[in-house]
Each structure stands twice: as structure tokens, then as C-alpha cells.
Amino acid sequence: MINCGLAIVISILLILYFFHNVFVHPLRSYPGPLLWRSFRFPYVISTQRGELHNRLKDFHTKYGPVVRVAPNELAYADAAAWKDIYANRPGHLPFQRNRTWFKKMRPDEPNSIVGFDEDDHARYRRAFANAFSEKSLRDQAPVIESHVDEFITQLKAPISGPQGLDKTVDFAKWFNFLTFDISGDLTFGESFDCVKTGTEHFWVEITQDFGKGLALIASVNQYYPLDKLLRYIIPKHILQRSKDHRAMSSEKAQKRVALDTDRPDWVTPTKKYNAQKGEFTDPEWGINLLVIAFAASETTASALTAIIRELVQNTGVLHRLTQEIREAFEHESDIAIASTGNLAYLNAVISEGLRLCPPAVIGIPRIVPAGGDTVCGKWLPEGTYVSYNQYPANHQSYNFHHPNTFLPERFISPDPKTDNMAGFQPFSVGRHNCLGSKVAWNEMRLVLARLLWSFDISLKNEKDRWDWGEQKTYILWDKKPLEVVLRNAGNS
Ligand code: HEM
């Protein structure tokens with residue numbers, strides 16, 4: 001009897017909630033699918049199924065550039081939203097990162113540079129910015145170049161053996177090896193040696209679950225007080241792995257920070273700045289170096305994997321790019337970070353890869369600040385979740401012509417009538433934009449130039465062709481293997 005009464009009460013509350021969201025809520029005039037406008041659960045289920053990017057893409061096609069995707073959330077595919085949501089607007093309060101995505105596992109954990117606390121963020125950002133100045137990047141270039149050199153040497157080794165056989169490589173794996181080795185070196189002062197050993201280091205292996213973990217945390221946190229149960233919902237062995245990983249990161253961070261050295265990396269300039277302006281605590285170093293090592297690697301590996309997939313699936317583009325690179329350099333040793341900056345077609349290919357397959361697939365929502373504010377000319381109540389979602393937005397024909405086609409030419413001479421380049425912000429804008437965008441560009445140009453100079457590259461299996469968006473995303477791309485055949489091009 002009590003159960004029956006409870007069920008009736010819950011049903012009535014749900015119906016009232018539904019009517020409130022659809023007919024009374026301040027966002028009621030925004031278009032979107034009825035179930036999503038009424039309840040949060042379709043968004044959460046879609047996130048957990050890894051298909052949110054495709055659902056949002058379809059919604060933006062059907063409903064236009066602003067869609068209500070949950071009772072309190074709007075998704076934007078309108079370029080004007082970038083400035084309103086992410087940039088600093090004089091006279092406006094900042095739109096903070098959404099706490100549901102970044103809630104701490106333990107209250108005594110410090111915030112990180114990607115956290116929601118704006119004061120801590122500004123303090124970290126000012127310090128780490130020194131590691132990404134033009135001078136610091138120049139100092140770090142030889143470190144990146146030596147890792148890329150080791151990567152190419154490893155790929156070449158069996159091919160230049162006695163049989164001179166072609167070699168099959170899974171680039172989804174190998175780009176991870178390379179980018180994590182580089183960021184291990186530049187954060188913790190030592191490479192993870194994935195390229196050297198041809199295997200994933202334990203630290204790197206665990207980070208492969210980060211996206212899924214973030215997606216789960218963000219989903220559960222939507223349902224107060226369920227979030228209190230988070231630590232009981234996550235299986236014990238996963239919690240333990242996560243603790244081990246944190247402990248290993250802290251240990252590595254402390255070891256690196258304790259070193260009295262001028263090695264060119266992301267710690268030396270930050271430490272020098274801190275020596276004058278105020279030190280980080282050990283836990284602050286630990287969490288930030290962990291976050292930066294991850295942010296630098298996963299994204300760049302995703303971009304490189306996507307770009308190579310698009311190249312081997314679009315052989316006309318591959319041919320033109322290979323020609324540009326081989327004509328630009330006489331010797332392999334001429335290919336360096338400084339010498340690859342101005343290759344027009346290479347830059348266009350990378351941009352188009354970032355447009356079609358953005359590593360930051362969807363935007364982490366921001367929150368409209370106290371008192372409410374405007375986005376794209378319309379006032380929104382405080383507390384509204386808002387985000388610009390790159391993958392869904394970049395695939396709309398009202399933003400880019402032939403939006404689903406890999407067309408680097410659109411970046412060679414952009415036509416504002418067909419392509420709205422203001423919407424193309426793969427590294428975001430404003431005070432939280434990517435700190436390492438120049439590093440990413442340096443790495444991507446160098447790796448692609450070295451690869452295409454040395455190898456003729458083709459798909460292992462001609463039938464292994466598919467659209468990048470078919471993969472699942474858990475905040476980040478859940479990348480499928482990319483098996484390609486490398487044939488030594490005979491250049492030296
Ligand atoms: C193709 C590669 C990359 C892409 C597409 C990318 C994209 C992004 C995006 C979109 C953001 C903003 C996230 C947000 O708004 O919440 C971001 C933040 C960040 N990225 Fe990258 N990133 C890349 C590579 C790198 C590299 C190489 C580093 C090197 C350290 C790096 C470090 C960071 C950091 C520290 C932040 C947080 C900045 C802040 O909140 O102030 N990223 N990245």
C-alpha cells in the first residue's frame with residue numbers, strides 16, 4: 001500500500017516536473033526534442049552510450065544553431081557563442097566551468113588548472129604560461145624533435161631490414177606512445193619510453209580510461225544526492241587503479257620538481273616564476289602536472305590519428321601533401337619544428353583534420369553567472385548550462401560547405417560565403433583556451449612532415465574506411481585502431 005502511494009506521489013512529481021520544464025521554465029521557447037527538454041536522463045544515457053556527439057549533431061541539423069538539450073542546458077553551434085560563453089567580456093561576469101564535470105573525488109584535493117575555481121585557475125595559468133612562451137617553446141623544440149626522431153627510427157627499423165618488407169602499424173597506438181613520451185619528458189622529466197619499448201607504460205594505460213571516468217562522474221553528479229554514492233558505484237579495482245595512478249603521478253611530480261636543473265621543459269620556467277611569485281604545494285604540482293601531461297598527449301594523438309585516417313581515405317589530398325613535403329626538403333635532417341611552420345598545404349590539412357574530427361569533441365558546459373547574462377543576443381537565467389560543441393557545430397552545412405567532407409582547400413583561401421571560420425576554434429578561446437596550442441601545432445607539423453617524407457602510407461585494408469564520427473566518444477574519442485602499411489619511400 002505504502003509502495004503504491006509512493007509510486008503515485010513520484011509519478012505526480014514527475015508529471016509536474018515535465019509540465020514545468022515544457023510550459024513554465026524560462027528556457028521553454030528554445031527548440032529541442034521533447035524528452036530532452038523535459039528531463040536530463042536522455043542526455044546522460046546518450047553520454048554513457050558514447051553517442052552524444054552524433055545526437056547533438058542531428059539536433060543542430062534539425063532544430064538549428066541553438067538547441068535545448070536538457071531542462072537547464074543549451075547547446076550552441078553559432079560562432080557568436082564562442083565569445084559570449086568563453087571569452088572575457090568587459091562588464092560581464094565570467095561563465096565558470098561547470099562543477100558537475102569537475103567535482104573533486106576528495107574534499108582535500110586541490111583544484112587543478114582545468115578546474116572550476118577561477119582564482120586558482122588564474123594563479124596556475126600565470127605560472128604555467130611561462131612554459132609556453134615563444135622562448136620556452138624554442139628551448140623545448142630539440143626535446144620534441146629527438147622524440148619524433150626516435151619514433152621515425154623505430155618505424156623504419158624493420159622496413160630497412162634485409163627483406164625490406166612493408167610494415168603494418170596501428171597508428172592509434174603509436175601516436176599515443178609518441179605524444180605521451182613527449183609529455184612525460186616535459187612534465188615529469190622522464191619519458192614513459194613507450195616508443196622505445198613498443199608498449200604502453202602503466203601510467204599511460206590508465207589514462208585511456210580517463211574519458212569514460214569523466215563521463216561517468218559528470219553523469220552521476222547531475223543527480224544530487226546520487227553523487228555522494230559515486231565512490232561506491234565505481235568498481236573497487238578501478239578506484240584502486242585511479243589511486244595508484246594519482247600516487248605515481250605525485251611521486252613523479254615531486255621527483256621532477258625537486259631536481260635542481262635548467263632542463264628545457266614545462267616545469268623549469270614555471271618553477272622560476274613561482275620562486276618569485278609564490279610556490280605551489282606538492283599536491284598542486286602533482287595534480288597539475290598530471291592534468292597537463294594528459295591534456296597534451298591524448299588530444300594531439302587523437303588529432304594525428306584522425307588526420308592520417310583522413311589522408312589514407314582521401315588519397316588525392318595525401319598525394320598533394322606528400323609532394324609539398326618532399327619538394328620542401330632536400331634531406332631528412334632539414335625537417336625540424338622551425339622549418340615546417342610555413343607549409344601552406346600541411347597547415348590546411350591539419351586545420352581541416354581539427355575541424356572534421358576535433359579532439360575536444362563537445363564542449364565542457366559553462367554556467368551562466370549570477371544575475372543571468374546574454375548569449376547570442378538573448379538573455380539567459382543564471383545557472384543555465386551553455387556550451388559550444390565543436391563536432392556537432394563543425395558538421396552543419398550552415399557553418400561549412402560540404403561539412404562532412406575532408407577538404408583542406410577550404411583553409412587555403414577561405415570563402416566567408418560558404419565557410420564561417422569564426423566558428424573554427426579547435427583550441428577554444430578566452431582565459432581557459434588551450435595553453436599548449438603552439439606545442440600541438442609544432443608536434444603535428446613535425447610528425448606529419450617526417451612521416452610523409454620517409455614513408456608511402458596506405459590503409460592496410462581498403463575496406464577499413466569509415467567516418468571518424470562513427471566512433472564512440474566519452475568526452476574524448478574512443479579511438480578504434482588505424483592500421484596502415486608503411487613502405488620506405490627511399491628518401492634519405
Ligand atoms: C591538437 C591538440 C590539442 C587540442 C585540440 C586541444 C584543445 C584544448 C581545448 C579545446 C581546451 C579548452 C578546454 C575547455 O574549454 O574546458 C584546452 C585546454 C588546455 N590544453 Fe589543450 N589541446 C591540445 C593540445 C594541448 C597540448 C599539447 C597541451 C600542452 C601542455 C595542452 C594543454 C592544455 C591545458 C593546460 C589546458 C587548460 C587551459 C586552462 O584551463 O587554462 N593542450 N585544450
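Each ligand, and each atom within it, is numbered from 1 in the order the structure gives. By convention here, the first residue in the shown sequence is residue 1.
Considering backbone and side-chain N/O atoms, H432 comes within less than 3.5 Å of an N/O atom of ligand 1. Backbone and side-chain nitrogen or oxygen atoms of H121 are examined, and one is located within less than 3.5 angstrom of a nitrogen or oxygen of ligand 1. Checking only distances, R97 does come within under 3.5 Å of ligand 1, N or O to N or O.
Between W477 and H53, the two ring planes are perpendicular [angle over 60°; tilted spans 30° to 60°]. Between F188 and W203, the two ring planes are perpendicular [angle over 60°; tilted spans 30° to 60°]. Using cut-offs of 30° and 60° for the angle between ring planes, the W36 and F59 rings count as perpendicular.
For W468 and Y391, the ring centers sit 6.0 Å or farther from each other. You'll find the ring centres of Y124 and F128 outside the 6.0 Å limit. Aromatic pair F192/F177: centroids not less than 6.0 angstrom apart.
At least one heavy atom of F132 sits closer than 4.0 Å to an atom of ligand 1.
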* Tell me, with the steps shown, if Y388 and Q425 meet side-chain contact (heavy atoms from CB on, under 4.5 Å). => CA-CA 10 Å; Y388 188 95; Q425 303 291 355; over 6 Å; no
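Considering each of W266, F427, W441, the one bringing a non-hydrogen atom nearest atom 4 (C) of ligand 1 is F427. Closest to atom 15 (O) of ligand 1 by heavy atom, among R125, R366, E443, Q425, is R366.
Heavy-atom proximity to P359, at under 4.0 Å, picks out these atoms of ligand 1: 5 (C). Within ligand 1, counting atoms from 1 as listed, the ones closer than 4.0 Å to a heavy atom of A360 are 10 (C). Within ligand 1, the atoms closer than 4.0 Å to a non-hydrogen atom of V114 are 37 (C), numbered from 1 in the order shown. Ligand-side atoms of ligand 1 in range of A296: 25 (C), 26 (C), 27 (C), 28 (C), 29 (C), 30 (C), range being under 4.0 angstrom from any heavy atom. Near I292, meaning under 4.0 Å from any of its heavy atoms, are these atoms of ligand 1: 30 (C), 35 (C). Ligand-side atoms of ligand 1 in range of P426: 5 (C), 7 (C), 10 (C), range being under 4.0 angstrom from any heavy atom. Of all atoms in ligand 1, listed by their number and element, those nearer than 4.0 Å to a heavy atom of R431 are 41 (O). Interface atoms of ligand 1 facing N433, defined by a heavy-atom separation under 4.0 Å, are 38 (C).
Across H395 and P403, no two heavy atoms sit closer than the pair C-CB, 3.5 Å.
In the model, W466 has a side-chain atom that pairs as donor or acceptor with a side-chain atom of D464 under 3.5 Å.
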